[in-house]
K.L.:
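The structure follows.
Chain naming here is simple, since letters A, B, ... match the order of the sequence lines and numbering starts at 1 in each.
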Protein chains: 2
Amino acid sequence: MTVHHQSGNDAPNKERIDAVRAFNRFYTRQIGLLDEGLLKSAFSLTEARVLYELAHRDGLTATDLGRDLGLDAGYVSRLLKKFERLHLISRSTLVSDARQSSIALTQAGRKAFAPLNQDSHDQIRALLDRLPASEQDRLVKSMQTVQRLLGENAEPRIPYLLRPLQIGDIGWITHRQGLLYAQDYGWDETYEALVAEILAAFVKSYDPKWERSWIAEREGEVVGSVFVVRKSDQVAKLRLLYVEHSARGLGIGKRLVEECIGFARAREYKTLTLWTNDILAAARHIYQAAGFKLIEEEPHHSFGKDLVGQNWNLDLLSSARA
Amino acid sequence: MTVHHQSGNDAPNKERIDAVRAFNRFYTRQIGLLDEGLLKSAFSLTEARVLYELAHRDGLTATDLGRDLGLDAGYVSRLLKKFERLHLISRSTLVSDARQSSIALTQAGRKAFAPLNQDSHDQIRALLDRLPASEQDRLVKSMQTVQRLLGENAEPRIPYLLRPLQIGDIGWITHRQGLLYAQDYGWDETYEALVAEILAAFVKSYDPKWERSWIAEREGEVVGSVFVVRKSDQVAKLRLLYVEHSARGLGIGKRLVEECIGFARAREYKTLTLWTNDILAAARHIYQAAGFKLIEEEPHHSFGKDLVGQNWNLDLLSSARA
DNA sequence: ATCATTTACTTGACTTAGTCAAGTATCTCC
DNA sequence: GGAGATACTTGACTAAGTCAAGTAAATGAT
């Protein structure tokens, strides 16, 4: 929870490295324990891993197996030969490449794999059973985070999605904005309080016909948000736009602002206005690109800093539609 | 972020089990990859693990090693014999038990272990280097969560600690209270908004001489909090007491209330008052035990529910000191 | 079209890491 | 003082995996 200003230095420090090493030792042992429980079967651990892959993916070749499980090619060859002898798999030479064949479990293969699979399933179930549901969720979430961060960094299928406000969001957004602006610009706790105040008022006086919020979610995590509130019949105000560092470059900020403009236009507001500070350069670029014009600037002392506040307006009547 | 009401059913569902199994497969491979990189050394993987243990812990016996690393006793015996032959370890029979001996790395042993250790360190460093610092932190945090949840559930050395408010806390507390009361009692988003409003006001008008907050932290995570605000010269008000489910039973609620009482007494308030709802039984027990008296009850409709609000007072002059 | 190179897989020969069971010395608990 | 447990050792063994050499097919450069 320590707030440290952005250092710009991403070098992994010793504590982090040691923590990862400690986890590796821990999990080596953990996997060892789980594997012990499965050793009574007729198959070795590696054989079971191969069967698992075959049961869950189609059209694998010997090379695929070796690569994905980290096995020696010769060893894979022998394993497959053994499986073939036991009629657990069938191979069909690929038409595209006569050297390779596509390997599939036979009916007998599936039957042999089933108890193995069940044992492993039961074992993990027993492991989870020791924890209450909320902790099970935390465990799974943490594992997925580890996997995503260490994995091939494949971009998620859906880069992000927008959804309306849910319970827990306004606290979360307050928390993140409070920390973010403290880290990036050294703002003090009064900014977080301001966010809390604005969001509390938004919920309390929420008028669904004239006001709206968008939460950007990525892989189940909130990575940005924006709010539109009614100032008058004619004027809507865009508030509290933010995007997490980790989700920048995906066009989320632009998209959020576009949603606001579209909503304001649909509700036939004449003007969309917003207040921001000149140091927030990334946001300013988005506003400018969307057609907002700077109306006035004024220095002020807030959040423990000397800042320059800016009011920007978008004329919804004259501005061209996207 | 889905809010589901407490089901009371902790049975691990299929998705969770599958997610854990997926993680195990992933990490088996991950460890395999890391191990490959270390195989050029003169020591086998298991030998390296044994050396690591010996380098980091004192007074180990052969049995300790076998148990902690999951190795066969005979195999450990042979490994140690080999290390002894190479003068990497020395054994000294325990005075308490002539069958066992305490094993320690010799100077030569440390020297042999150093490059292994460095390689492993460098490898993890390279792994982390691919991630920005913020993601490195998330990785480490997630790993620690996994380790804690799957580990021996050893109670942390320090069960919890109290600290003052920091940036990010009020948002976090709003988030957690919003979700907690939605899950447990079905309260709607207006409760979260109320929390946000109260906390925003607390920060904005904070008077350090007369007001205070306590955040309970456990293993780096916020697990509870309470606030005392000034109502008048004579009267202080305790607000927003909560403790996470995962941290209940540690006496944190009681301790937080005691801190409030101690503070109110030290500031020579005459009365400590609080408002709560009758369904919050756990909190009520704490207040009663601390000497609070129920002053009045009143039904009200808030947070989407019919509730019974209660005002409780503690007379700080007449009540006995703890 | 041809030939060198690479890739996919196979096979024989081998080693290593680990298991199992039987045995000795010592300790613990009645 | 003796039955049983524990800490380690040792001999006999084998499953698991490696390495290198080889074949057949595909690929890429001329």
K.L.:
With the threshold set at 4.0 Å, does a side-chain nitrogen-carboxylate oxygen contact exist between Glu47(B) and Lys82(B)?
P.N.:
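Judged by the 4.0 Å cut-off on N to carboxylate O distance, Glu47(B) and Lys82(B) do form a salt bridge.
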
K.L.:
Ignoring hydrogens and geometry, is there a side-chain-to-backbone donor-acceptor pair from Thr106(A) to Leu88(A) under 3.5 Å?
P.N.:
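Indeed, once roles are kept as given, a pair shorter than 3.5 Å links the two residues.
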
K.L.:
Which nucleotide in the set dA26(D), dT9(D), dT10(C) lies at the smallest distance from any side-chain heavy atom of Ala73(B)?
P.N.:
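Looking only at heavy atoms from C-beta outward on Ala73(B), the closest nucleotide is dT9(D).
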
K.L.:
Mind calculating the distance between CZ (Arg99(A)) and P (dA25(D)) to the nearest angstrom?
P.N.:
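The answer, rounded to whole Å, is 10 Å.
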
K.L.:
Can you give one letter per nucleotide of nucleotides 13-23 of chain D, going 5' to 3': B for a protein heavy atom under 4.0 Å from the base, S for sugar-phosphate only, - for none?
P.N.:
---SBBB----

K.L.:
So does Asp64(B) pair up with Arg57(B), basic N to acidic O under 4.0 Å?
P.N.:
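No, this pair does not count.
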
K.L.:
Specify the separation, in whole Å, of atom CD of Gln100(A) and atom C1' of dA25(D).
P.N.:
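Value for this atom pair: 10 Å.
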
K.L.:
Give the residues of residues 85-98 of chain B touching DNA chain C, defined as any heavy atom closer than 4.0 Å, sorted by residue number.
P.N.:
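Contacting residues: Asp97(B), Ala98(B).
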
K.L.:
Quick one: do Asp18(A) and Lys14(A) make a salt bridge, cutoff under 4.0 Å?
P.N.:
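Result for this pair is yes, salt bridge flagged.
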
K.L.:
Using only atom types and a distance under 3.5 Å, with no angle test, would you say the side chain of Thr28(B) pairs donor to acceptor with the backbone of Asn24(B)?
P.N.:
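Yes, the answer is positive, given that a donor and an acceptor are paired below the 3.5 Å cut-off.
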
K.L.:
I'd like to know if the side chain of Arg125(A) and the backbone of Ile17(B) have a donor-acceptor N/O pair within less than 3.5 Å.
P.N.:
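Not confirmed, Arg125(A) side chain does not pair with Ile17(B) backbone.
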
K.L.:
Under 6.0 Å between the ring centres of Tyr27(A) and Phe23(B)?
P.N.:
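They qualify: ring centres under 6.0 Å apart.
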
K.L.:
Can any side-chain N or O of Ser120(B) pair as donor or acceptor with the backbone N or O of Leu116(B) at less than 3.5 Å?
P.N.:
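Looks like no, no N/O pair under 3.5 Å.
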
